[in-house]
Amino acid sequence: MDVYPLWSMTSLGVLSLLVITSNIAVCILVLCTRSLRTYTNGFVVSLAFADILIGLALFIQYPLQVESPVALNVMYSVSLLSSVANLCAVTYDRYLAVLQPLRYTPTIAKYFFRILVGVWVTGLVSAVIPLTWFPSTSGVIHQVYQFVMLVAGIIIPYTFIFICYWRIYKQVRICVAKERKLSRLVCDRVELTKCRRISSEAKLAKVFIVISVMFVLSWLPVIYVTAVIAIGKPELMIKALNSSSPFTLALGSLVNPILYSFLKPDFKFAIRKLVQSLFRGDRYYKDVTRKKSSGDISRLEVTMLSQRHSSIVTVSEM
């Protein structure tokens, strides 16, 4: 393991804790907000779990300085492979929503849990395969494994993601042109509504395009080092790139909750309603406390204020 100065260890500790807490907050928000319990956000939660795993691995390896190559390699591998698989799953989700909207709900409802199980089982099984020849990591079989993982775990999935988003982009261009034409004419409103809905789904797809790009950038140092080892050219390894990899992993896992909060409409709405309900609740208790301290509040007023507060919270949760 590379030796890092104290400031680096401290920074990685803070970043890893931020990764863990922010992604746990994403999971809790989806769990506690009914409007966020969608199939798309189910994949978001699964991706958040992979980011939490990264945060735990970084915290164990750097601030705690626990040297456990087996456990850490498995954690990093599971997180990498499951994250890529989750990105493929959410890409497929957006592909159906935009290009085959009539098939979207029945198809995703049927295969949602199967996809999630497949994502994590595939990642876990692929990550533990090297344990069969551990601790030897210099043999031909390990190089073959790394090469296969690069192709099957990175290149092929991202080729699939690129093709899907390219087809989504072409479909959206057609719909936007049709929407502009239909909006100027007295025509079929059903078709116009369909085009607008597809445009709305495409805006959500943009969020996951950004997440996919950020994921590749954050894992690029690790992918490069793995590729260099896989082709048997360790002399091509760049030390600075290798040393920066934990920071890029942490920042990549931290940026996802930020993107959800600022770019994903349903998350923005849910966070805004949560903040408003907390503010209203705080204002309610301050009002009751002030009136009680001044002695000018009756039991009837307390009951009425309580009912009003309950109705506000109920509305905010819907």
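All values below were derived from every heavy atom in this structure, side-chain atoms included, with hydrogens, water molecules and symmetry-related copies excluded.
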Between [X] (side chain) and [Y] (backbone), is there a donor-acceptor pair under 3.5 Å?
X	Y	result
Y62	S11	no
T122	V119	no
T21	L18	yes

**Request:** State whether the number of non-hydrogen atoms from other residues, nucleotides or ligands found under 6.0 Å of R167 atom CZ is greater than 12.
**Result:** no

If I compare all heavy atoms of [X] with all of [Y], which pair ends up nearest, and what's the gap?
X	Y	value
Q171	V98	CG-CG1, 4.0 Å
S79	I54	OG-CG1, 2.8 Å
L72	A57	CD2-O, 3.7 Å
I211	L47	CG2-CD2, 4.1 Å
D51	V19	O-CG1, 3.3 Å
S16	G55	CB-O, 3.4 Å

Taking only residues two or more places apart in sequence or in another chain, which ones pass side chain to side chain contact (heavy atoms under 4.5 Å, CB included) with [X]?
X	answer
I271	L29, S261, V275
V70	L131, F134
P157	V84, C88
S218	none

In the single-linkage hydrophobic clustering (I, L, V, M, F, W, Y; side-chain heavy atoms under 4.5 Å), do [X] and [Y] co-cluster?
X	Y	value
L251	L259	yes
L220	L236	no
V210	I168	yes
I163	I154	no

Test question: given the 4.5 Å side-chain rule for I, L, V, M, F, W and Y, name all other residues clustered with [X], or answer none.
X	answer
I156	F147, V151, I155
I258	F262
L81	I129, W133, V140, I141, V144, Y145, V148, M149

Please round to the nearest 0.5 Å and tell me the distance separating atom [atom1] of [X] and atom [atom2] of [Y].
X	Y	atom1	atom2	value
L87	F208	CG	CZ	9.0 Å
D266	S35	CG	OG	7.0 Å
N256	F215	CG	CZ	9.0 Å
L64	M9	CG	CE	10.0 Å
I28	N23	CD1	CG	11.0 Å
F162	S212	CZ	OG	12.5 Å

**Request:** Go through the structure and list residues passing ring-ring contact (aromatic ring centres under 6.0 Å, His included) with W166, not counting sequence neighbours.
**Result:**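 ring-ring contact (aromatic ring centres under 6.0 Å, His included) list for W166, sorted by chain: Y169.
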
**Asked** For Y104, which residues count as a ring-ring contact (aromatic ring centres under 6.0 Å, His included) partner, sequence neighbours excluded?
**Response** none

Any non-hydrogen side-chain atom of [X] less than 4.5 Å from a side-chain atom of [Y]?
X	Y	result
N41	F267	yes
L249	V222	yes
V225	L241	no
Y224	S245	no
W219	T248	no

**Message:** Test of understanding: with side chain to side chain donor-acceptor pair (under 3.5 Å), list the residues that count as partners of S46, not counting sequence neighbours.
**Reply:**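 N86, W120.
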
**Pairs flagged by ring-ring contact (aromatic ring centres under 6.0 Å, His included) wherever residues 74-97 is involved - sequence neighbours left out** =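 Passing the test, one end in residues 74-97: no pairs.
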
Can I get a per-line list of side-chain donor-acceptor pairs under 3.5 Å for residues 106-115, giving both atom names and the distance, sequence neighbours left out?
unit_1	atom_1	unit_2	atom_2	d
T107	OG1	R103	O	2.7

